[in-house]
Amino acid sequence: MLENVLEVGERPEDLVVYGSFGKAARDWGSFERTVEALRTLELSETLVIQSGKPIGVFRSHERAPLVLMATSNLVGRWCTEEHWYELEAAGKTMWGGYTAGDWQYIGSQGIVQGTFQTFAAVAQEHFGGSLAGRLVITAGLGGMGGAQPLAITMAGGVGICVEVDASRIDRRLDTGYLQRSTASVDEAVAWAREALAAGEPLSVGLLGNAAEVLPRLAAMGVRPDVVTDQTSAHDLRQGYVPAGMTLAEWRQLRNADPQALKDRARQSIAEHVRTMLRWQRDGAVAFEYGNNIRAQAAEAGVVDAFEIPMFVTRYIRPLFCRGLGPFRWVAVSGEDSDIDVIDALALEAFPDNELLQRWIPMARRFVRSQGLPARIAWLAHGERSRLAGMVHEAIARGELTGPIAFTRDHLDVGGVSQPLRETEGMKDGTDAVSDWPLLNALLNAGNGADLVAIHGGGGGYAGYYQSAGLTVVADGVGDVGRIVDTLEADTGIGILRYADAGYEDAAETARVKNIRSLQPEVSLD
Ligand code: NAD
């Protein structure tokens, strides 16, 4: 899994997986020592990794995690962008994103599904279930943002995706996630208008800077139906290219005068967000996709930046309350046929999960696999443990090669506190309470996950979140209970968290699924 995140990552030569500097290991020495330790690790041992650097191996027991990690966590008062960068420059920390540092990223497929999920929910709520004949304008075709064009066309829409780096556009064309590219705003608009008139899906990568191109599109009278963004606006030093700069000038200024670069990036983000707000006032559906662009714009004086809602709060939280979230499995065997068999198992086992029934055939048709064969699918509490248990037993019977690693995004019901994203506007005001992901990690480690990680935000995300990830490997050997219990508890604690915050849907899920709650309002007694 460690090698796989680099295989599918954006800059493996720098150990960078995505998010401009989200890494899989602190440095190459750490990578080599980790690989060496993993090669010789016994089942009753636990490897401990601190911010991408292997620290030691301890004797534990067979049900204990093989790997425990804590990445990019700083004590509250010191958890600032400045201090984080000081430590990073001294080689003392690294940022692991959500799924880079704990070796769970499966390439753009994972994010394609989440992005599709969001666009499908937007289509359902605002456009009668389809984006056909609707224009989506967005920016950023990087590690995660590169999934946008495919997700838009899968939902039936027409997307103009602005990207400042031509190599990113080429990569998305190569993987088939993007259909066409141009550096001409006029050409992009003409293609989009043609496709909209025909009701055909289309994705166009438009080479340019969003802070320049979006205001220009608005001035031309273009008004999208949906506007969002996935530039790395969360980081002003390494993530967002200011208007009027070449990539070479940007990289040079990064070292020469980081403060000047930050000021320019923030001003550009302000322009970018002003255009999003203008379109929103004109009737477009606008939402932030979790890149902190509203917070950056607000700091630059765009007082109404937070009128743009966050996609999770708006479209995903109701799913979380049912324990429904981005579950995924990876054929560590390297066998594509393992994924085929599990696709069939899942389709048969969950006939009532409409999302899954719609997604798996589409993924089989459109999503080109990267790295180890893998599948993401949004499964609910109970479904995840059931599928993993079925797979474990199918491996034991020889119907699958295995092993299969089951994991999930940290963006999930139990995995994260991020007050500007997953936990924004919680009913009871507990947006910033990070006890929940910590409890999730403790519970998963106690239950027997094979890998458990506790992550904090780094760089521009320093101080913005606390999250937890897990991986459980089904290999057909040993007790299936370990796998089932771990996955049940992983979503169970998340559902109780939302129930505790006053979400009736979550309380109802706890009741229906027999999650033993001690909270008075959802008590089974
Ligand atoms: P990335 O760094 O790989 O890609 C960002 C892309 O934006 C790059 O290709 C870059 O060239 C481009 N870019 C930068 N400035 C630009 C500008 N001014 N105009 C046009 N393009 C510009 O990052 P990523 O992995 O794709 O993630 C993007 C952002 O979205 C991050 O902030 C990430 O945290 C966020 N995100 C959040 C979620 C979530 O909430 N779960 C999901 C996906 C992405």
Side-chain angles (χ1 to χ4, degrees), residues 8-11 16-22 95 97-100 105 107-108 110-115 117-118 137-149 151 160-172 177-178 205-215 228-247 250-251 261 264-273 275 287-296 310-313 315-316 325-326 408-412 415-416 418 420-424 457-461 464-465 467:
V8 301
E10 292 295 296
R11 281 191 287 123
V16 168
V17 179
Y18 62 62
S20 86
F21 58 102
W95 181 53
Y98 279 179
T99 56
Y105 183 63
S108 296
I111 206 75
V112 168
Q113 209 285 341
T115 317
Q117 181 69 49
T118 306
I137 294 184
T138 184
L141 291 175
M144 294 194 271
Q148 295 182 102
I160 295 181
C161 308
V162 184
E163 168 58 60
V164 74
D165 182 342
S167 71
R168 299 298 184 107
I169 293 184
D170 291 343
R171 188 155 184 190
R172 303 311 154 210
Y177 280 31
L178 179 69
L206 174 54
L207 182 64
N209 190 305
E212 298 164 37
V213 171
L214 265 63
T228 185
D229 180 62
Q230 279 197 54
T231 57
S232 278
H234 68 269
D235 195 275
L236 301 175
R237 285 201 214 180
Q238 302 189 52
Y240 192 92
V241 184
M245 288 187 102
T246 64
L247 289 178
W250 175 57
R251 288 188 188 114
L261 176 61
R264 286 185 64 172
R266 198 170 265 134
Q267 286 316 315
S268 293
I269 288 174
E271 276 314 301
H272 185 159
V273 170
T275 307
F287 57 90
E288 184 193 304
Y289 206 84
N291 62 351
N292 257 13
I293 196 164
R294 300 169 307 168
Q296 303 284 24
M310 170 58 61
F311 78 109
V312 179
T313 325
Y315 303 107
I316 305 294
R408 59 154 172 78
D409 196 357
H410 295 204
L411 175 149
D412 195 22
V416 64
Q418 215 299 20
L420 292 182
R421 199 153 76 191
E422 289 86 345
T423 52
E424 179 172 292
Y461 276 137
Y464 279 89
Y465 70 84
S467 69

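For this chain, numbers begin at 1 and follow the sequence in order. Counting starts at 1 for both ligands and their atoms, in listed order. Keep in mind that this is a model prediction, so the values were computed, not measured.
Annotation for ligand 1: atoms under 4.0 Å from non-hydrogen atoms of G208 are 20 (C). Close contacts between ligand 1 and F311 involve ligand atoms 40 (O) [criterion: under 4.0 Å to a heavy atom]. Near G145, the atoms of ligand 1 lying under 4.0 angstrom from a non-hydrogen atom of the residue are 26 (O). Near D165, meaning under 4.0 Å from any of its heavy atoms, are these atoms of ligand 1: 11 (O). The ligand atoms of ligand 1 that sit less than 4.0 angstrom from a heavy atom of G140 are 6 (C), 7 (O). Atoms of ligand 1 lying under 4.0 Å from at least one heavy atom of G290, given by number and element, are 34 (O), 35 (C), 37 (C), 40 (O).
A distance of 12.0 Å separates CG of L214 from OG of S268, quoted to the nearest 0.5 Å. Between the NE2 atom of H234 and the CD atom of Q230 there is a distance of 11.5 Å, given to the nearest 0.5 Å. Interatomic distance, CG of L178 versus CG of L141, reported as 6.0 Å (0.5 Å rounding). Distance CZ/F21 to CD/E10: 14.5 Å, rounded to 0.5 Å.
Within the 4.0 Å heavy-atom cutoff, G114 does not count among the residues contacting ligand 1.
Closest to atom 2 (O) of ligand 1, if we only count protein heavy atoms, is S232 OG, 2.8 Å. Nearest protein heavy-atom contact of atom 14 (C) of ligand 1 is G239 O, 3.2 Å. Atom 37 (C) of ligand 1 has as its closest protein heavy atom Y289 O, 3.2 Å. The shortest contact between atom 3 (O) of ligand 1 and any protein heavy atom is with G143 N, 2.9 Å. The nearest heavy-atom contact from the protein to atom 4 (O) of ligand 1 is G142 CA, 3.2 Å. Counting protein heavy atoms only, atom 21 (N) of ligand 1 is closest to V164 N, 3.3 Å. Ranking protein heavy atoms by distance to atom 28 (C) of ligand 1, first place goes to Q230 O, 3.2 Å. Residue, atom and distance of the protein heavy atom nearest to atom 19 (N) of ligand 1 are A210 N, 2.9 Å.
Screening D409, L411, D412, V416 against S467 for a side chain to side chain contact (heavy atoms under 4.5 Å, CB included) leaves a single residue, V416. Screening V164, T275, L206 against V213 for a side chain to side chain contact (heavy atoms under 4.5 Å, CB included) leaves a single residue, L206. Each of V273, I293, T313 was scored for a side chain to side chain contact (heavy atoms under 4.5 Å, CB included) with E288, with one residue passing: I293.
The minimum heavy-atom distance between I111 and G143, with the atom names listed, is CG2-O, 4.3 Å. The shortest heavy-atom contact between T423 and Q418 is OG1-N, 2.9 Å. Residues P215 and E212 come closest through the heavy atom pair CD-O, 3.4 Å. Taking each heavy atom of P242 and N209 in turn, the nearest pair found is O-ND2, 3.1 Å.
Checked by atom type and distance alone, the side chain of R172 pairs as donor or acceptor with a backbone atom of G142 at under 3.5 Å. A distance-only check finds a donor-acceptor pair linking the side chain of Q148 to the backbone of G140 [under 3.5 Å]. In this structure, R11 contributes its side chain and V16 its backbone to no donor-acceptor pair below 3.5 Å.
Considering backbone and side-chain atoms alike, V241 places an N or O below 3.5 Å from some N or O of ligand 1. By the 3.5 Å distance cut-off applied to N or O atoms, Y18 is not counted among the residues near ligand 1. Residue contacts with ligand 1: N291 is placed with no nitrogen or oxygen under 3.5 Å of a nitrogen or oxygen of the ligand (distance criterion only). Geometrically, ligand 1 and E422 share no nitrogen or oxygen pair separated by less than 3.5 Å. In terms of N/O distances under 3.5 Å, ligand 1 is not approached by A233. Residue-to-ligand polar distances keep A211 apart from ligand 1: every N/O pair is separated by 3.5 Å or more. Considering backbone and side-chain N/O atoms, H234 comes within less than 3.5 Å of an N/O atom of ligand 1. Distances between N or O atoms of N209 and those of ligand 1 include at least one value under 3.5 Å.
Residue-level proximity to ligand 1 for L411 is carried by the side chain, the only part with a heavy atom below 4.0 angstrom. Of the heavy atoms in H272, none comes closer than 4.0 Å to ligand 1. When heavy-atom distances to ligand 1 are checked against a 4.0 Å cut-off, I111 comes that close only through its side chain, counted from C-beta outward. By the criterion of a heavy-atom distance under 4.0 Å, the side chain of Y461, and not its backbone, is placed next to ligand 1.
Donor-acceptor pairing under 3.5 Å is recorded for the side chains of Y240 and H272.
Nearest-residue assignment for atom 8 (C) of ligand 1 (options M144, E10, E163; heavy-atom criterion): E163. By heavy-atom distance, the residue among V312, L420, T231 lying nearest atom 29 (C) of ligand 1 is T231.
Ring geometry for Y464 versus Y461: interplanar angle over 60°, hence perpendicular rather than tilted (30 to 60°).
The pair R171-E163 does not count as a salt bridge, with every side-chain nitrogen at least 4.0 angstrom from each carboxylate oxygen.
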